[in-house]
There are 4 protein chains.
Amino acid sequence: MASMDAEDSISRMDDHDSAFAPTTDDKFTFGLWTVGNRGRDPFGDAVRPPVEPTGLVRLLAECGAYGVNLHDDDLVPFGSSVSERDRIVRDFRAALEDHGLCVPMATTNLFFHPIFKDGAFTSNDPAVRAFALQKTMRAIDLGAELGAKIYVFWGGREGTECDACRDPRDAIRRFRDAIDFLCGYVVEQGYGMRFALEAKPNEPRGDIYLPTTGHLLHFIETLAMPEMVGVNPEVAHETMAGLSFPHAVAQALEADKLFHIDLNSQKVGRYDQDFRFASEDPKQAFLLVRLLEGTARAEFGSYPRYDGPKHFDAHAYRSEDEAGVRDFARGCMRSYKILAARAEAFDADPEVLDLLAANRGDAVDPHDGAGWSTSRAEGLRDLAIDVDQVARRGLQWERLDQLLFEHLTGVRG
Amino acid sequence: MASMDAEDSISRMDDHDSAFAPTTDDKFTFGLWTVGNRGRDPFGDAVRPPVEPTGLVRLLAECGAYGVNLHDDDLVPFGSSVSERDRIVRDFRAALEDHGLCVPMATTNLFFHPIFKDGAFTSNDPAVRAFALQKTMRAIDLGAELGAKIYVFWGGREGTECDACRDPRDAIRRFRDAIDFLCGYVVEQGYGMRFALEAKPNEPRGDIYLPTTGHLLHFIETLAMPEMVGVNPEVAHETMAGLSFPHAVAQALEADKLFHIDLNSQKVGRYDQDFRFASEDPKQAFLLVRLLEGTARAEFGSYPRYDGPKHFDAHAYRSEDEAGVRDFARGCMRSYKILAARAEAFDADPEVLDLLAANRGDAVDPHDGAGWSTSRAEGLRDLAIDVDQVARRGLQWERLDQLLFEHLTGVRG
Amino acid sequence: MASMDAEDSISRMDDHDSAFAPTTDDKFTFGLWTVGNRGRDPFGDAVRPPVEPTGLVRLLAECGAYGVNLHDDDLVPFGSSVSERDRIVRDFRAALEDHGLCVPMATTNLFFHPIFKDGAFTSNDPAVRAFALQKTMRAIDLGAELGAKIYVFWGGREGTECDACRDPRDAIRRFRDAIDFLCGYVVEQGYGMRFALEAKPNEPRGDIYLPTTGHLLHFIETLAMPEMVGVNPEVAHETMAGLSFPHAVAQALEADKLFHIDLNSQKVGRYDQDFRFASEDPKQAFLLVRLLEGTARAEFGSYPRYDGPKHFDAHAYRSEDEAGVRDFARGCMRSYKILAARAEAFDADPEVLDLLAANRGDAVDPHDGAGWSTSRAEGLRDLAIDVDQVARRGLQWERLDQLLFEHLTGVRG
Amino acid sequence: MASMDAEDSISRMDDHDSAFAPTTDDKFTFGLWTVGNRGRDPFGDAVRPPVEPTGLVRLLAECGAYGVNLHDDDLVPFGSSVSERDRIVRDFRAALEDHGLCVPMATTNLFFHPIFKDGAFTSNDPAVRAFALQKTMRAIDLGAELGAKIYVFWGGREGTECDACRDPRDAIRRFRDAIDFLCGYVVEQGYGMRFALEAKPNEPRGDIYLPTTGHLLHFIETLAMPEMVGVNPEVAHETMAGLSFPHAVAQALEADKLFHIDLNSQKVGRYDQDFRFASEDPKQAFLLVRLLEGTARAEFGSYPRYDGPKHFDAHAYRSEDEAGVRDFARGCMRSYKILAARAEAFDADPEVLDLLAANRGDAVDPHDGAGWSTSRAEGLRDLAIDVDQVARRGLQWERLDQLLFEHLTGVRG
């Protein structure tokens, strides 16, 4: 018989080694909507029974998570009375305390209710825009009450199927107005929160505005308080468009804008899959973990380790019951730590270091990296470069990439 | 017999109507490399004989183009002596004058020569970076001599297959150093040029850094002289990643950063096809032309027409001879004008105007669009919104989108 | 005011011309699930109230449809008693008769209920496979009772996320067993039905087995009664994978296997969008309609017009109310007829005919098209071909493709 | 210093273990065009000097390959005289003998020369079709002379950009005529060869006919001698369209049609990358190797190991010199063997076996898998199935997939 209870699952996982067990320092978090996902999809009904938020807190604590994140409606059902809300929040806080979990991030559900069917902040209808702001102010209050220091905005309905319905510049202007307004609100309330914007190219809309982390990074520079706003890139969302997720994260890191991150996995060019972290394309997952953990030595000194929350925005396959949800949650964290160990070994491998050092010769341009100066321009004009000789040099990236494969597969290291 | 000479082709095209003939005001331009493309591809040899730059100028003039753009090496072959260069430039300027064409844009070839095999500005090798700057300074001088006011940067080799070979943050920093340096150079030389950066997600590299117009718009904000630098979005490049090209262009326009544009067409998720403008997905082409021509009335007043050069960065199918190259060039311009006429009619259609007006009721939030203020927040908190009633309203976008189809197909309008 | 009732919508549509009004000869059909779609999606709730099947029949009749198709559960809710079923079917048949609609196609819902969460016919669990057969036998009985002559199989859950869970060959064998069994059942019952298999590459599963029409065409050849089974290609499903839908349909037609067709539209590389026919990429839609209508003259004589049902497997945007559902349904049919008219004009254009004739010279190989013979081989060996001259010839496909654009946009024709 | 000669490379690779060294039994092959690839791409010049075929044979032997495959023109340049051809072939055979390599597969280059710019077998021009047959007969003779028992057809130019140029059914008919003819030729010559058809969805054409292995498997069933013809699936080609490569291979295996296989790697939705095997998405590579090696125990008994040639149709990154080409070739073979070892351990892991066994209970349908019979139908009708209980069962695929990850990364096993 294949039945399995939670305890079996735990012991089974721990058979091999505890080197990969999650710790507080890892800051691994999950959303209520992730472990609470009931397996509904566009073609199918829910397959798992609902679990109360407090039950999800217990489950996450048992799996070793550090924190739990939420949309307003995940915790307090849409339309709840004030007293219901207060009771729910009280119970939830008690569960957090009992199980030692925190709430690092909160967000607003601006996509489920029919009123948001053509967008929230970017809707043509001023009543929808106003309601979206109302709902978000209340949700920010809730997040603040639970101690969240990061507030995420995913504009999943801010898009179109019929593109003629509004000028896309109007959409950007309306979205900017909303974020500017809400920054002001947070400052006035003294909540000390920062905002993290999350991009997605499409689904549930035909096209979603500001479709990638890159587009959002630019949008942030146009805000009234840009320093308060960063990004929350999600593996699945950039991968849907076939873009390099590590490169997107690197651009955010370089700009000091990686305020939060959503980890999961996804095949390119498909519906939003939200699979267990690293379950698809483990090489990309390795490159990502390597970047976040800061194991690589960059040319310009080394870059710091990302030390914000690592949020798994994923859910168990629809084939799973509650035991499978636990397998899923443990798998996310464990795979991250396996990859972190592999990345550390790779970046300490002397052959890797040699290959990376090999073509970083003496600077031929003494001001390399220093931007413009008249003297640099003059020096460059006169510099003799043996083009054919430089061009002939083999760079040995096949070897380097093969070493990566061998570390990833544990053959080396 | 199917033979056809250039004259046949001209008269044939003009049979129907001259309403769609190109004019100077259209600012239609082509690159030397587009009409001069010889049909080489990864699996096949060149199919068309080489044509001198002066011959291409004549061909473009006969087809009705306004200007011609170039990479340094398109005009002056790599490795030419100074005297060869001077003769070539002199002949080319004479041809431009004879045929009444200008050179609105120039750029550097930083991808063909083997020295750039692992990037130019982002190469790990300081000698390659220095050579790339040298070559670009010379190419900027050439562009300035020909009167180009826009200088394009397409970092086609700035990427990786083996991602471990450099930290992507190092790549961004090196790219920034190069652009900052070259901005300084242009200012010092007093060339009065602006830079336009062009993104591409991949090909010829596995992944290219700063893969979309969005990523570049952000990168520009981190430069030493951001006001001097804008973008040059290309239909094919955003479309390869399945992103909405009109949305990318809209973000650039809203930020006053659309300095140049590359028109062509492309199927999603494929190699870089550079097909004749509007030959693939005419609906997207319609939405793009509508945006550029400014025919739509936006909610926030109307947006101006884009009046920079419209550059066709495309080439004839490999099945074509020279007559086919002319068919290709004429087709690009003609299709643009057909779509502009269709867009104008669509945006003047009373039913379209009614549908767009229908759900822009009276503002329910008196400060809608005005950002943060305490009084706005107070007003919003107390605002009564009938959520169910607002949610129930049908938006009629099926009808609007059908009207678009009927205008596009000429059934209406 | 933007309100609109059904009558308004009708008259409005008819303003322009009735040349594009649907007729019985068009055999336009819709599924109960298409006009009955309530707008639920993975991130959002239903936005439209439920409508009874009889109400949907009325709506379709008013819009001009020829027939209505259904899954078993669309008409008879899962778990209904025999007497409920009989009452529902009786009422539905009365509605069909009242409104003059037929049921050309029926199918089984093998994806919504949790029991099918890991597949139906290909599940590892023999109980699931048995239940899937039971349910399908009952659904076939229902289809037969309603007069359906085509029975569709879409194996939407026949796939995996965790590919190690079964050998994909086992999946193919199980699927074959099911189809063979059900062919036998239909023959024994004397229903005179034919089966049409429908492919989809992914969603709702990570990967679905037999992912394209091509894979299914081969699978059919391995069945016990291949002559009874054909395909039901769907625009959106091949387009998700970026494959040419017209080419897939052509292969099915050439093999006499196009038993049914699902029309809608979709952007490449995204979630299953099921948009209004021709609303995305009108050029592909034109090429498809041209193929189905048989307007082109092929080299090998002409091919017949497809005269089976044309089923719109699509639904209204989530922004719509019932009036929008009618706009959607009318738009599907009207766009098809607009494209049919455009295709007819294109294929009658003398310049198009000239271009196509131009390089179909006299056969140089007298047995061209006749397969193997020793004498053909001998003839071919000795045949002198002027390779350079043949290679030099321009084919004028740029011109031909431009003519297509001009017919499509109504500038010509 | 970064220089490296071939010997260094060999010893370096052997440092770790010889468990993964290639053997004759592995039947690892490469094409002359793979290790001979000079790094030319659409945007760049060749970066590596040409190497004579005999030099490539030596290189492959030193790397441990079993065989070498070729296009006619790879060995004998287009337009060579008969005496040149004979000399080249003699020298090549001598090199094969010296180095102990065989030629398991040969093929025709029907894509490089301009005469094939609009297709070879499917061209509208009878002269092109005739020339393609001539060239292929000669190339088959060459293949036979070198001992090739598999002859591959990749119709890379058999497609369109301007789809109106021919009816796609004409293309299929012409392609069928060509293959039928060539089957006849091989039989008459008594060469004992089998044909393997290779699909690709696009590139270098906008769309290529018969775009996937599935479409080809069906096409084969329509040939005059279907038993003589199988498929040659290529990882990169199915992956470009985002289809599951293991599923395509499984369908070919199940039909006894996997005559040859092309191994490499590729990101989804991009240009044809032909990267080192397993360098992209190692999970898919693992699933493929597992299938080919036959380590999994299927439900219906076990399936045999594929024992044909394993051909690496890939090439070194453009950043590499000759040492990098060797790194590339060794990496392909080594990664295959690493994955084979991982697959073997995974399929022997008791927990994996338990998970797979868990839901293969006793058949509830005694004729399950046996196709149609009246008694089976009767049995099924009456079978009581507890739908809710079956539906509730969790399948534990999260755990199974996590075990795969842990075997792949070498944490377990």
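Here is how names work: the chains are called A, B, and so on, in the same order as the sequence lines, proteins then strands, and each is numbered from 1.
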Could you pull out the closest heavy-atom pair between [X] and [Y], with the gap in Å?
{"X": "B/Leu243", "Y": "A/Ala241", "result": "CD2-CB, 4.2 Å"}
{"X": "A/Ala391", "Y": "B/His113", "result": "CB-CE1, 4.1 Å"}
{"X": "A/Ile385", "Y": "B/Ala127", "result": "CD1-O, 3.7 Å"}
{"X": "A/His218", "Y": "B/Ala255", "result": "CE1-CB, 3.6 Å"}
{"X": "B/Ala377", "Y": "A/Phe181", "result": "CA-CZ, 3.6 Å"}
{"X": "A/Asp207", "Y": "B/Ser244", "result": "OD1-CB, 3.6 Å"}

Heavy-atom check, side chain of [X] versus side chain of [Y], under 4.5 Å:
{"X": "B/Asp118", "Y": "A/Trp397", "result": "yes"}
{"X": "A/Glu161", "Y": "B/Glu398", "result": "no"}
{"X": "B/Trp372", "Y": "A/Glu188", "result": "yes"}
{"X": "B/Gln251", "Y": "A/Thr222", "result": "no"}
{"X": "B/Asp170", "Y": "A/Tyr303", "result": "yes"}
{"X": "B/Cys165", "Y": "A/Leu400", "result": "yes"}
{"X": "B/Leu291", "Y": "A/Arg169", "result": "yes"}

Heavy-atom distance under 4.5 Å to chain A: side chain of B/Leu380, backbone, both or neither?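 The answer is both parts of B/Leu380.
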On the 0 to 90° scale, with breaks at 30° and 60°, tag the B/His215-A/His215 ring pair as parallel, tilted or perpendicular.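 B/His215 and A/His215: perpendicular rings.
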Rounded distance [0.5 Å steps], CD in B/Glu221 versus CD in A/Glu221: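 One gets 6.0 Å once the value is rounded to the nearest 0.5 Å.
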Hey, is [X] close enough to [Y] for a salt bridge, meaning N to O under 4.0 Å?
{"X": "B/Arg393", "Y": "A/Asp125", "result": "yes"}
{"X": "A/Asp177", "Y": "B/Arg376", "result": "yes"}
{"X": "B/Arg129", "Y": "A/Asp365", "result": "no"}

Flag the one option from B/Leu404, B/Asp180, B/Asp401 with the top tally of heavy-atom pairs under 4.5 Å to chain A.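 Looking at each option in turn, the highest pair count goes to B/Asp401.
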Hey, which of B/Tyr209, B/Phe286, B/Phe346, B/Tyr185 has the most heavy atom pairs under 4.5 Å with chain A?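 The option with the most such pairs is B/Tyr185.
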With no hydrogens and no angle check, is any side-chain donor or acceptor of A/Gln134 less than 3.5 Å from a backbone partner on B/Leu383?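 A pair under 3.5 Å: yes.
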Sole candidate of B/Ile208, B/Leu210, B/Thr160 that passes side-chain contact (heavy atoms from CB on, under 4.5 Å) when paired with A/His247: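 Answer after filtering B/Ile208, B/Leu210, B/Thr160: B/Thr160.
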If you count heavy-atom pairs within less than 4.5 Å of chain B, which of A/Cys162, A/Gly379, A/Gly206 leads?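 Going by pairs under 4.5 Å, I would pick A/Cys162.
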